[in-house]
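Okay, so here's the structure we're looking at.
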Number of protein chains: 2
Amino acid sequence: MLQVSRPTISDVARAAGVSKGAVSFALNNRPGVAADTRERILAAARELGWTPSSRARALSVSRAFAVGLVLARKPETLRADPFFPSFIAGVEQELAAHDYALLLQVVADQQREHDSYRRLAHGGRVDGVFVTDLLVDDPRIALLAEIGVPAVVVGPALGGGFFPAVGVDDKPGVAAAVQHLIDLGHTRIAHVAGPAAYVHGTSRKQAWAETLAAAGLPEGPCVETDFSAESGAAATRTLLDLAEPPTAVVYANDVMAMAGLAVAHARGVDVPGELSVVGYEDTELAAHVQPPLTSVATDVVAWGGAAARRLLELVDGREATEPDLESPRLVVRASTGAPAR
Amino acid sequence: MLQVSRPTISDVARAAGVSKGAVSFALNNRPGVAADTRERILAAARELGWTPSSRARALSVSRAFAVGLVLARKPETLRADPFFPSFIAGVEQELAAHDYALLLQVVADQQREHDSYRRLAHGGRVDGVFVTDLLVDDPRIALLAEIGVPAVVVGPALGGGFFPAVGVDDKPGVAAAVQHLIDLGHTRIAHVAGPAAYVHGTSRKQAWAETLAAAGLPEGPCVETDFSAESGAAATRTLLDLAEPPTAVVYANDVMAMAGLAVAHARGVDVPGELSVVGYEDTELAAHVQPPLTSVATDVVAWGGAAARRLLELVDGREATEPDLESPRLVVRASTGAPAR
DNA sequence: CGCTCCCTCTAAACCGGTTTAGTGCTGCAG
DNA sequence: CTGCAGCACTAAACCGGTTTAGAGGGAGCG
């Protein structure tokens, strides 16, 4: 494991018989170096196996060439969420193209999250950050504004607009789901909502309520959860126990919807005969449960890419290019059908 | 977004009326600074809101204070895998305690993966790396050895032993699952395996075969998959179509097991009456499908912590402390039962 | 009183790049 | 032949910390 010390730019300079500066110019192919000299320098660099030290570069150009993502989640709620792996994959694709790196932090609570942002941004480890899991009136916005670090809000633009937001608006997706149920003839449509503290919990609930209202239907029952399978199952039991149970339920994510399917199955409630079920996220498993789950799909990878692109633009002070993210689309499968008469 | 230039150590020195060196000593509470001077320096630093520049520190001490994790996965297969979020959470807990950061890269193919490691380690962005998804005869081991970067193999120690391996051996878990089925009276026990190219695909299959052999039972049918729900469903159909279908199936992960449950359900095959099903991973949803899934649970968060600890020890040249990771344990739920006579 | 030793602190080198000011040389116009 | 522009390149400063060599001063000891 002995760390052979890597050749530096000075070694290359000596080998090529020129000065450090000339080497730097040649390697960043900048004008002011004769073609043959440049060739000689590149050859020397290749010969020595020289690689630029990102540490030195970061210091001299005052850039970290990295952006940060802080996840304030407990491991349990993180592992059930298929959003982040996809999102990060999208982010990475874009970052890699610009030789940027992604610095990830997972923190347990909010206080640590703030410290985390401070250390990352203030200490110059990153040039910008993503803000995910946006809360209603999120305190991080003020913090990041105070630190003065470029940031991009991942999700619908409810952050007060101080930072640009890049996100797929989930309202049309939920609206499409509810409309689909209305079209099938349902009139008692319930919602199993995510935490009201989260923007994406609230907005999905709103979309549900608004679509019902627009169709002139009464707002059905709604149960708030923490996005976990456990709470989704509990919510389903609550709904089925109502004097007038709903004939359809729109869940805020797939995991809860699948748990709901299992509860219905265990109780002998036929899906979709007696109960229609809709998820959100269109996870890989959605198509492979019984009955296959109707769900709302979003291209999360593209979303991650767009968010990263916007953040890099912000960091570079470039003009914003408008991302064209496709709207979420409803994937109809066998878990939804006409209500029993 | 105007980037106010942060105060440097020189600013603090000027404010406190001492030299840069003295400030550095005081801030790293090292001997050789008088108590009152130290106090004055700390006060000045606090006053100015000084934060160390990790860039400068990294250059001067020749350390990145970061480790890298490169995931060579397609986004689709990444998002279904609950392993990484948990693992990363565990890694982070440990890294945060030592003020280390995690640099994540997601790359599409193997060539890029190699480039990725090269840039990361050779360029000095990280002080060490994790190697996950170990392949049988993994070429990365040689690459990393050549680069000379400390590395920790995540998983059972089959990497040739050049780098330390930290991992929960999955064999006892699979063995326990197979034994559980044997104890229930099953004799035709199939396996839906992961890709043979992966160490954890191969080792689970081996454990299954060995446990059957040890019990004097014939090796049941085995279908190789790519770990996806789709392939798990297909494998299940293959098995159920056999002239003599198995009475129990051990799946290499939960997602495939759940897809298998759905296939059985769709075909009217009763679980566990006609078919017992065992998963691996014990995902959040496992307890909430119908019937609840018997599965093998591992404390992945602890695993991540142990891997990070070992890597930091390696980076610091410290002695290895033996991690005490608990063995995987079988969580018996309702998807397994005695075979029909 | 003079010497050594220790403690505190300063000056300067260093990490490995980037960037700026400036030098020497060539070539062309006047 | 001189003047000046412009190219190719060098020397040195700079980024912001850490670290080493050494200076200065007071205490303890002979």
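All values below were derived from every heavy atom in this structure, side-chain atoms included, with hydrogens, water molecules and symmetry-related copies excluded. Order of the sequence lines fixes the chain letters, A, B, ..., with proteins taken first and strands second; residue numbering starts at 1 for each chain.
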What about A:His98 and A:Tyr100, are their ring centers closer than 6.0 Å? no
Axis bend over the full length of the helix from C:dC1-D:dG30 to C:dG30-D:dC1, computed from five pairs that close each end, to 10 degrees: 60°
The criterion is side chain to side chain donor-acceptor pair (under 3.5 Å); which residues satisfy it with B:Gln105, sequence neighbours excluded? B:Ser116
Residues, nucleotides or ligands: over 12 heavy atoms within 6.0 Å of B:Arg57 CZ: no
So where does chain B start and stop touching DNA chain D, 5' to 3', when the test is distance under 4.0 Å to a non-hydrogen atom? D:dG16 to D:dT20
Donor-acceptor list for residues 11-24 of chain A side chains, cut-off 3.5 Å, not counting sequence neighbours:
unit_1  : atom_1 : unit_2  : atom_2 : d
A:Asp11 : OD1    : A:Arg14 : NH1    : 3.4
A:Asp11 : OD2    : A:Thr8  : N      : 2.8
A:Ser19 : OG     : A:Ala22 : N      : 3.4

Pairs under 3.5 angstrom only: tabulate donor-acceptor contacts from the side chains of residues 298-316 of chain A to other protein residues two or more places apart or in another chain.
unit_1   : atom_1 : unit_2   : atom_2 : d
A:Asp299 : OD1    : A:Val301 : N      : 3.4
A:Asp299 : OD1    : A:Ala302 : N      : 3.1
A:Trp303 : NE1    : A:Val166 : O      : 2.9
A:Arg309 : NE     : A:Glu94  : OE1    : 3.4
A:Arg309 : NE     : A:Glu94  : OE2    : 3.4
A:Arg310 : NH1    : A:Glu313 : OE1    : 3.3
A:Glu313 : OE1    : A:Thr321 : N      : 3.2
A:Glu313 : OE2    : A:Thr321 : N      : 3.4
A:Glu313 : OE2    : A:Thr321 : OG1    : 2.6
A:Asp316 : OD1    : A:Arg63  : NH1    : 3.2
A:Asp316 : OD1    : A:Arg63  : NH2    : 3.0
A:Asp316 : OD2    : A:Arg318 : NH1    : 2.5

Parallel, tilted or perpendicular, as decided by the 30° and 60° cut-offs, for the rings of B:Phe83 and B:Phe87: parallel
Give every donor-acceptor pair under 3.5 Å between a side-chain atom in residues 145-153 of chain B and any protein atom, sequence neighbours left out.
none

Here the side-chain hydrogen bond (donor to acceptor under 3.5 Å, both in side chains) pairs for residues 43-53 of chain B, sequence neighbours left out, are A:His122-B:Thr51
So, with a heavy-atom separation below 4.0 Å from DNA chain C, the residues of residues 11-19 of chain A are none
What residues form a ring pair (Phe, Tyr, Trp, His ring centres under 6.0 Å) with A:Tyr117, not counting sequence neighbours? none
In terms of heavy-atom contacts, does CZ of B:Arg140 have more than 12 from other residues, nucleotides or ligands at under 6.0 Å? yes
May I ask you to test the A:Leu102-A:Val67 pair for a side-chain heavy-atom distance under 4.5 Å? yes
Look at A:Arg118 together with A:Asp115 and state whether they make a salt bridge at an N to O cut-off of under 4.0 Å. no
Partner set under salt bridge (Lys or Arg N to Asp or Glu O under 4.0 Å) for B:Arg30, not counting sequence neighbours: none
Strictly below 4.0 Å, heavy-atom distances to any atom of DNA chain C: list the hits from residues 32-54 of chain B, or just say none. B:Gly32, B:Val33, B:Ala34, B:Thr37
Please list, in numerical order, the residues of residues 22-31 of chain B that have a heavy atom closer than 4.0 Å to any atom of DNA chain D. B:Ser24, B:Phe25, B:Asn28, B:Arg30
Go through the steps for A:Phe65 and A:Asp99 under the test side chain to side chain contact (heavy atoms under 4.5 Å, CB included), then give the verdict. CA-CA 7 Å; A:Phe65 296 103; A:Asp99 251 304; over 6 Å; no
Can you see which heavy atom on B:Arg79 is nearest to which on A:Ser86, and at what distance? CB-OG, 3.2 Å
